[in-house]
Number of protein chains: 2
Amino acid sequence: MNDISFNTRDCGSCPIRHRAVCARCQPDELEQLDAIKYYRTFEAGQPVIWSGDPMEFVSSVVSGIATLSQTMEDGRTQMVGLLLPSDFIGRPGRDAAPFDVVAVTDLTLCCFRKKPFEDMMEKTPAIGTRLLQMTLDELDSAREWMLVLGRKTAREKIASLLAILARRDASLHKKPPRDGMSFELPLTREAMADYLGLTLETVSRQVSALKKTGVVELQGKRRVTIPDLQALITETGDDVDGAPIV
Amino acid sequence: MNDISFNTRDCGSCPIRHRAVCARCQPDELEQLDAIKYYRTFEAGQPVIWSGDPMEFVSSVVSGIATLSQTMEDGRTQMVGLLLPSDFIGRPGRDAAPFDVVAVTDLTLCCFRKKPFEDMMEKTPAIGTRLLQMTLDELDSAREWMLVLGRKTAREKIASLLAILARRDASLHKKPPRDGMSFELPLTREAMADYLGLTLETVSRQVSALKKTGVVELQGKRRVTIPDLQALITETGDDVDGAPIV
DNA sequence: CGCATAATTGACAATATTCAACTGCGGTGG
DNA sequence: CCACCGCAGTTGAATATTGTCAATTATGCG
């Protein structure tokens with residue numbers, strides 16, 4: 001995976017074409033972007049950028065998963081975002097990265113040097129418009145996650161995370177989520193803990209508890225089956241159709 | 001306060017002129033906005049909009065404070081934002097409000113009906129650009145707040161909130177924050193609790209604890225003095241110059 | 001001055017964390 | 001080929017922190 005063939009791929013066949021920051025661009029605009037884009041790949045576990053570092057480029061996630069997180073001096077860390085294919089990394093108009101970005105799986109980014117991208121943005125309203133839309137969505141997601149962090153119990157937090165991952169996996173395969181669906185957990189217990197503001201032991205206990213109640217089934221440590229979607233959603237504490245966070 | 005004179009005020013003398021969504025507009029663009037704007041006022045405690053309601057207008061906070069919050073079925077609520085003068089309410093391109101907005105103090109909004117505003121945005125890049133910038137800032141703030149909610153202790157949470165309010169109050173008066181500064185607490189203990197993901201009793205206890213240690217002094221329940229700013233920042237758990245959240 | 005609301009404080013309970021031991025799985029090398 | 005090593009995950013027991021329930025005290029407003 002992550003082979004060099006990405007470098008020669010033209011935007012028309014790009015898997016994130018319809019969802020990324022370039023989604024609204026016209027063919028001629030795409031051509032311009034094509035001319036200044038380049039791909040970068042990162043292996044699972046590699047850092048993409050550290051908080052405070054100068055950002056030379058902005059980028060879109062083409063494939064793989066990255067995390068956005070923050071760490072305190074004493075080592076406590078909080079994940080503040082999960083970056084999936086089509087998500088945008090970087091900030092036109094700011095030099096230093098505000099958070100750490102780390103590749104969780106092997107990762108491919110479609111990059112643009114910052115200055116040329118900013119220039120292009122000025123001339124191309126479709127980019128700014130799309131970026132605004134994506135940013136507003138991210139803001140809503142972040143705010144919804146604040147409810148999870150601030151007010152939910154450990155059990156509700158775990159259920160909320162699983163519900164999100166289930167929805168995401170379903171939308172990735174372009175099917176509605178359904179009873180009996182299963183998906184791969186992309187995160188370790190520790191990463192889950194960092195996302196949920198818990199310790200990894202508490203995560204482990206609550207996953208076991210949900211398993212014991214039959215709300216989820218596990219095949220190995222990483223594959224999850226949801227026999228009854230409604231039962232899972234009930235465990236999140238949200239009402240019937242909990243918001244599709246992130 | 002909130003008198004009708006706002007209605008005839010022209011944009012040039014507007015107190016949030018340099019920070020709001022219109023900050024980058026040219027005189028002719030301001031004139032156009034002027035033609036479609038109208039002011040609305042809300043008394044302290046009044047709802048501005050409920051989550052799920054159709055949004056007929058977008059607006060900027062001109063004066064006063066509002067909260068943005070989310071409530072679960074069983075009554076647990078989490079504040080997800082504090083809206084101060086110049087902050088923007090609403091979302092071009094979305095019909096339903098994602099969160100509850102409530103006036104905490106008497107509040108004046110500069111409103112635009114949604115459709116005309118969206119039309120104007122299409123013709124006026126300065127608005128979209130400014131809104132993108134503001135939204136990206138809000139997103140960073142929301143993510144920084146996630147660290148507070150997910151990883152900080154009750155004492156650190158209180159200190160973090162006080163530090164933010166101190167910084168804000170200072171910037172409102174265009175002075176750098178300094179030792180011995182004091183400001184008015186705009187929030188009840190319950191509102192603080194909803195912001196911090198705590199109970200009001202825990203808030204009360206931790207405020208008392210900080211008072212006992214001499215980190216803060218109280219004149220009455222609502223006026224706070226910070227004798228030693230660095231001591232407060234140390235209590236937040238952040239490093240030297242904790243990020244200027246929100 | 002009195003009432004309603006906001007805030008404080010105490011005692012106890014619930015929840016999550018900490019520290020520690022242990023299990024199971026996958027990969028490596030003898 | 002299999003034993004061993006290391007890591008991710010699980011589980012247990014004790015502890016700490018925060019929440020809950022209840023009583024009491026301020027505060028500000030009419």
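Numbered from 1 within each chain, the chains take letters A, B, ... in sequence-line order. Computed from heavy atoms alone, side chains included, the values below leave out hydrogens, waters and symmetry copies.
- In this structure, CG of Leu196(B) is placed 18 Å from P of dT17(D), rounded to the nearest angstrom.
- One end of the helix from dC1(C)-dG30(D) to dG30(C)-dC1(D) points its axis 30° away from the other end's axis, with each axis taken from 5 pairs and the angle rounded to 10°.
- When the shell of 6.0 Å around CD of Glu190(A) is examined, it contains 12 or fewer heavy atoms from other residues, nucleotides or ligands.
- A salt bridge links Arg155(A) and Glu235(A); the closest N-O separation between the charged side-chain nitrogens and carboxylate oxygens is under 4.0 Å.
- Using a 4.0 Å heavy-atom cutoff across all strands shown, Thr188(A) reaches sugar-phosphate atoms only and no base atom.
- One can place CE of Met192(A) at 15 Å from P of dA16(C), the figure rounded to the nearest angstrom.
- Using a cut-off of 4.0 Å between Lys/Arg side-chain N and Asp/Glu carboxylate O, Glu184(A) and Arg223(A) are scored as salt-bridged.
- Taking CD1 from Ile233(B) and CG from Leu162(B), the interatomic distance works out to 12.0 Å, rounded to the nearest 0.5 Å.
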Report each atom pair, protein N/O against N/O of nucleotides 17-19 of chain C, whose distance is under 3.5 angstrom.
from, atom 1, to, atom 2, distance (Å)
dT17(C), OP2, Thr199(A), N, 3.4
dT17(C), OP2, Thr199(A), OG1, 3.3
dT17(C), OP2, Thr202(A), OG1, 2.4
dT18(C), O4, Arg205(A), NH2, 2.8
dC19(C), N4, Glu201(A), OE2, 3.2

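- Residue Arg189(B) has its side chain nearest to dA7(C) when only dT9(C), dA7(C), dT11(D) are considered.
- Summarising the geometry, atom CZ belonging to Arg143(A) is positioned 12.0 Å from atom CZ belonging to Arg143(B); distances are rounded to the nearest 0.5 Å.
- Dashed line: the shortest gap from a side-chain N or O of Arg222(B) to OP1 or OP2 of dG28(D) is not under 4.0 Å.
- As a whole-Å value, the separation of Lys157(B) NZ from dT18(D) P is 8 Å.
- A salt bridge does not link Lys175(B) to Asp169(B): none of the charged nitrogens lies less than 4.0 Å from a carboxylate oxygen.
- Distance check: Cys14(A) SG to Tyr39(A) OH gives 5.0 Å after rounding to the nearest 0.5 Å.
- Ser208(A) comes within contact range of the sugar-phosphate backbone alone, with a heavy-atom separation under 4.0 Å but no base atom that close.
- With values rounded to the nearest 0.5 angstrom, Asp140(A) atom CG is found 11.0 Å from Thr135(A) atom OG1.
- Computed from coordinates, the Ile158(A) CD1 to dA16(C) P distance equals 10 Å when rounded to whole Å.
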_Met181(A) and Leu229(A): CA distance, side-chain angles, deciding distance, side chain to side chain contact (heavy atoms under 4.5 Å, CB included) verdict_ = CA-CA 9 Å; Met181(A) 68 175 293; Leu229(A) 212 55; 4.3 Å; yes
Can you give the donor-acceptor pairs under 3.5 Å from side chains of residues 46-61 of chain A to other protein atoms, not counting sequence neighbours?
from, atom 1, to, atom 2, distance (Å)
Ser51(A), OG, Pro98(A), O, 3.3
Asp53(A), OD2, Trp50(A), N, 3.3

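- Of the residues in residues 212-220 of chain B, not one comes within less than 4.0 Å of DNA chain D through any heavy atom.
- Using a 4.0 Å cut-off between charged side-chain N and carboxylate O, Lys152(B) and Asp238(B) make a salt bridge.
- Between Asp87(B) and Arg19(B) no salt bridge is recorded (no basic side-chain N to carboxylate O distance below 4.0 Å).
- A salt bridge is absent between Asp194(B) and Arg76(B); no separation between the charged side-chain nitrogens and carboxylate oxygens falls under 4.0 Å.
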Output a table of nitrogen or oxygen pairs between the protein and nucleotides 22-28 of chain C separated by less than 3.5 Å.
none

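- For the OP1/OP2 pair of dT17(D) and a distance below 4.0 Å, the side-chain nitrogens and oxygens of Thr153(B) include no atom meeting the criterion.
- For Phe88(A), the ring pair (Phe, Tyr, Trp, His ring centres under 6.0 Å) test picks out Phe117(A), with sequence neighbours left out.
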